[in-house]
Amino acid sequence: MTRARTLGLAAVLMALALAAPAARAQQARFQGKVTDTSGQPVAGATIHLEPAEGTGNKTEATTRKKGDFILGLVRPGNYKVTIDAPGGQVITAIKAVSRETGPDARNKEPDWTVDQKVGPGAPVALEFKDGHEITAEFVVGSPQAAAAAPPQGGDPLAAVVQKVQGGDCAGALPDIEAARTASPENARAHYLAAFCLERTGDHEKALAAIDQTLQVQPEFAGGSLLRGRVLRAMNRTEEAEAAFKKEIETTQHDSVRNDAWGALAVLYKDAGRTDDAIAAFEKIVELQPQKGEAYTELSALYGKKGDRAKQAEALERAKQAGASVDPAAMLNVGIGHMNSGKYPEAVEVFRRIIDSPDVPAADLATAWGLLGRCQLNANEMDEGMASLQKAIELDPSGSMAEENKQILAALQEQGKPKTAAPKKK
């Protein structure tokens, strides 16, 4: 690596650093966390941000392992927020606050706050202002948590449903049991009881309650799906499979059918039934082409079978559909190409990860490190060393950091000019 090229790269980086403040104008920041109704973080949920009045840009982010997400560079304007969460869960509640940020912020008090329940499937309206940061806590739950039909005016279960949607199953159960006693033919009351009992871990009573639901109303939307989930928690896998299939065959609700396919696919995957799991996830992407996690699962399953072509194809299909894909899945595909000696294909995958928004720093560092190895293999020494350095900067204590440092040190030592031996007098 010549010094001239090193100085050129440094100059470019300096120019970008100097230009960064100018790019700061007209933007806001959005971050937060997504949990389910029991308070557990939800990973793999996609937060969609869509302009409400034609201003700003449509964008999205995916929650990480702890349920957190970050969306930067949001143009000011009014937006609608929706969430696609695993299992078909939707927003049921939100707490959010907007504050002016930065050292020059004039007002340290919140610009606005929101604390409200949300109707299943309804979007949330938020206003983004320049120089402000919105921090939000979303709660997601099953759209069937409130039963198949929304509560009507004067419905004695309306207050109970609000508690369930807010995650207070324990507090709702006494009222639900009273409603079941007063109206034994109320399938919805039995369903709510089963839903809450399943959430609180009382699977035997949950099964009895959902069986009562289906006895009163055999095709109750989501009834067989919930029954399958309860049975699966009780390790009654064959019965759970049958229940999920029954929901798929009988329900008239697309969202419930999609949930049942998802539950069936996960059951097959966890049972090691790879071919059945692939067939189920293929059905999911047929029904929901933008469901990114389904492509991720397909890619992993094809990789497990050793079918590298279909493993890569699954991610390409996700790209074509505009679906958000887990970077870890793409890393596995790239590594598979490397192991097969297909370095150009590996480079393309790693660059896709690097160019993707909201990639966790550890995954981004891994992509840079693996890209560097591919570049070195192609004798692109300057580019490879720069990529390894970038990996180290992004994750200095990561799993590959020490090896990256050793490779760099060895290459830099090789590049030093040799000192001529002193002539003998």
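We number each residue from 1, following the sequence as shown.
The backbone N or O of E185 lies less than 3.5 Å from no partner atom in the side chain of H190, so there is not a single donor-acceptor pair. S299 places a side-chain N or O within donor-acceptor distance of the main-chain N or O of Q311, the cut-off being under 3.5 Å. A donor-acceptor pair under 3.5 Å is formed between the side chain of T92 and the backbone N or O of V139. For E50 (side chain) and K80 (main-chain N/O), no donor-acceptor pair under 3.5 Å exists by modelled atom type. Under the 3.5 Å distance criterion, the side-chain polar atoms of N377 are left unmatched by any main-chain donor or acceptor of R373. Side-chain atoms of T63 come within 3.5 Å of backbone atoms of V42 as a donor-acceptor pair (strictly under, hydrogens ignored).
Using a 4.5 Å heavy-atom cutoff, the side chains of K65 and P41 are not in contact. Between K283 and L264, every side-chain heavy-atom pair lies at or beyond the 4.5 Å cut-off. A heavy-atom distance below 4.5 Å is found between the side chains of I70 and R29. The shortest distance between side-chain heavy atoms of I83 and H48 does not fall below 4.5 Å. Within the 4.5 Å cutoff, side-chain heavy atoms of D211 are placed close to those of R227. With contacts defined as side-chain heavy-atom distances shorter than 4.5 Å, the pair L126/F30 qualifies. Taking 4.5 Å as the limit, some side-chain heavy atom of I210 sits within range of a side-chain heavy atom of Y191. L315 places a side-chain heavy atom less than 4.5 Å from the side chain of R352.
Using a cutoff of 4.0 Å between basic side-chain nitrogens and carboxylate oxygens, R273 and E241 are scored as salt-bridged. With salt bridges taken as basic N to acidic carboxylate O contacts below 4.0 Å, none links E177 and K205. Taking the charged nitrogens against the carboxylate oxygens, E282 and R317 do have a contact shorter than 4.0 Å, which makes a salt bridge. Salt-bridge annotation for R229 and E198: absent, with no side-chain N of the basic residue lying under 4.0 Å from a carboxylate O of the acidic one.
Rounding to the nearest 0.5 Å gives a distance of 12.5 Å between NZ of K310 and CG of L301. Distance CE/M330 to CD1/I354: 10.5 Å, rounded to 0.5 Å.
Taking the six-membered ring where the residue is Trp, F128 and Y79 present perpendicular rings, their angle passing 60° and hence far from 30°.
Heavy-atom contacts from other residues, nucleotides or ligands closer than 6.0 Å to CD of E348 number 12 or fewer. Within 6.0 Å of CD in E393 there are more than 12 heavy atoms belonging to other residues, nucleotides or ligands.
Partners of E239 by salt bridge (charged side-chain N to carboxylate O under 4.0 Å, His left out), not counting sequence neighbours, listed by chain and number: R236. With sequence neighbours excluded, no residue satisfies salt bridge (charged side-chain N to carboxylate O under 4.0 Å, His left out) with K405. R199 meets the salt bridge (charged side-chain N to carboxylate O under 4.0 Å, His left out) test with no other residue; sequence neighbours excluded.
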Working for side-chain contact (heavy atoms from CB on, under 4.5 Å), residues V114 and K95: CA-CA 5 Å; V114 172; K95 290 183 179 180; over 6 Å; no
Pair V347-L371, side-chain contact (heavy atoms from CB on, under 4.5 Å): steps then yes or no: CA-CA 6 Å; V347 166; L371 174 63; 3.8 Å; yes
side-chain contact (heavy atoms from CB on, under 4.5 Å) assessment of T251 paired with L225: CA-CA 10 Å; T251 188; L225 171 59; over 6 Å; no
